[in-house]
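Structure, as structure tokens:
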Amino acid sequence: MAQQFRLPDGRNLDYFVSGPQDGTALVWLYGPRALACAAQLPACVAALCVAGVAPYNAEGLDFLAGQGEGNIEEFGAALQGEEELQKFCVAQRLEILEANAAGLIEALSSLLPDIDKDALVEKAENGQFFVDMFQEGLKTSSDGWVDDDLAFVEPWGFELGEIKVPVLLYQGSEDKMVPCAHGEWLAQNIPHEKLRKHLDGGGQGHISIFLGQIESMVDELLRNNEAAVVGGSSLSLSLSLNRTQPFTVKVNKKGWA
């Protein structure tokens, strides 16, 4: 069921809700938006940032270093403006809409380390999940993808120093979509008293770090925010995995759905 909540700048965000009715809202967002909620959304009590990108002009960070060729081409188009980026995304969208799991891996081959490719093929449901997710997000147009990329190369509109709630930060050392240097930069600039750092040294990628760990990630959110959860506040997650419409999952002591 579609619902809305009001963002700090006054806009309303549409989202979908699933899960137990007596649960606590987990608001799933893409990219740095979870960090924005941690900084500026009054109802937010914690944020989980998985493979989150750093600001484009972050001091001391080479934004594109370590990224796969596909990302370098994509951000190159973004820096040329919306028209060039639309051309790039429209062509990629058509390929993805026709792809199965093997085709998706091929389309993203420059962005997937072996551990991510293995994660998508070892269990057929994993590969199909990502195919379905990408195709759902792109079924109408590539406009959301374009908006995201343009936002990534512009100032975020808030400072990490504004963060007021715990942030759980996860980053894979083998990630070619959002290299580990981004997570390290975020870890250095998020207020240390709010940071729960999980920068992986065990060879995880952009996808493998998420698969098989989401329940433990959510459990950690609940452990860190038990009092707030009882009060029914919102937990904000940044999963840098798709470009679908934001949605909310309800969680409670029995787990999440």
Side-chain angles (χ1 to χ4, degrees), residues 1-55 148 151 156-171 178 182-200 209-210 212-242 244-257:
M1 179 174 62
Q3 297 190 33
Q4 290 186 333
F5 68 80
R6 184 172 294 275
L7 296 172
D9 63 5
R11 291 177 298 164
N12 290 319
L13 175 67
D14 292 329
Y15 64 94
F16 290 93
V17 177
S18 64
Q21 293 301 310
D22 61 346
T24 296
L26 251 63
V27 184
W28 297 61
L29 303 166
Y30 178 62
R33 294 164 183 80
L35 298 178
C37 289
Q40 297 186 349
L41 188 65
C44 183
V45 297
L48 168 62
C49 182
V50 183
V53 67
D148 276 342
W156 285 359
F158 71 97
E159 300 295 333
L160 293 178
E162 298 177 53
I163 288 176
K164 305 174 183 67
V165 300
V167 172
L168 281 58
L169 181 67
Y170 283 79
Q171 186 72 43
V178 182
H182 287 245
E184 293 169 350
W185 189 94
L186 290 172
Q188 292 170 4
N189 288 274
I190 291 171
H192 288 182
E193 68 275 13
K194 301 301 182 185
L195 179 65
R196 311 291 187 268
K197 182 171 64 174
H198 301 273
L199 300 186
D200 170 68
I209 195 171
F210 168 71
Q213 295 192 75
I214 183 59
E215 289 194 18
S216 63
M217 292 174 179
V218 171
D219 286 344
E220 185 180 3
L221 276 175
L222 296 178
R223 288 196 304 271
N224 276 276
N225 302 280
E226 183 174 353
V229 167
V230 171
S233 298
S234 295
L235 302 167
S236 181
L237 294 91
S238 167
L239 299 176
S240 184
L241 295 170
N242 67 10
T244 60
Q245 189 170 14
F247 63 96
T248 290
V249 177
K250 295 283 189 173
V251 296
N252 57 23
K253 294 289 186 180
K254 298 178 182 178
W256 66 289

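Worth saying up front: this structure is predicted, and the values here are computed from it rather than measured.
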Notebook entry, point to check: Can Val167 and Leu186 be said to form a side chain to side chain contact (heavy atoms under 4.5 Å, CB included), step by step?
Noted result: CA-CA 10 Å; Val167 172; Leu186 290 172; over 6 Å; no
Next item on the list: Would you give the length of the straight line joining atom CG of Leu195 to atom CD1 of Ile163, rounded to the nearest 0.5 angstrom?
Entry: 9.0 Å
Check: Could you give the distance from CD (Gln40) to CD (Glu162), rounded to the nearest 0.5 Å?
Finding: 5.0 Å
Margin query: Just checking Glu159: does its CD atom have more than 12 heavy atoms from other residues, nucleotides or ligands closer to it than 6.0 angstrom?
Written below: no
Note to self: Counting only heavy atoms from other residues, nucleotides and ligands, does the tally under 6.0 Å from NZ of Lys194 exceed 12?
What the structure shows: yes
Next item on the list: Side-chain contact test, heavy atoms from C-beta onward, threshold under 4.5 Å: evaluate it for Met217 versus His198 and give yes or no.
Entry: no
Margin query: I'd like to know whether Glu184 forms a side chain to side chain contact (heavy atoms under 4.5 Å, CB included) with Leu199, so could you lay out the CA-CA distance, the side-chain angles of the two residues, the decisive distance to 0.1 Å, and finally the verdict.
Written below: CA-CA 7 Å; Glu184 293 169 350; Leu199 300 186; 3.8 Å; yes
Do you know which two heavy atoms are closest between [X] and [Y], and how far apart they sit?
| X | Y | result |
| --- | --- | --- |
| Ala47 | Ala34 | CB-O, 3.7 Å |
| Leu160 | Pro191 | O-CD, 3.2 Å |
| Ala54 | Trp185 | CB-CE3, 4.0 Å |
| Lys197 | Ala187 | CD-CB, 3.6 Å |
| Phe158 | Pro32 | CZ-O, 4.0 Å |

Check: Judged by atom type as modelled, is there a donor-acceptor pair below 3.5 Å linking the side chain of Glu220 to the main-chain atoms of Leu48?
Finding: no
Next item on the list: Could you check Arg33 against Leu41 for side chain to side chain contact (heavy atoms under 4.5 Å, CB included), going step by step and ending with a plain yes or no?
Entry: CA-CA 10 Å; Arg33 294 164 183 80; Leu41 188 65; over 6 Å; no
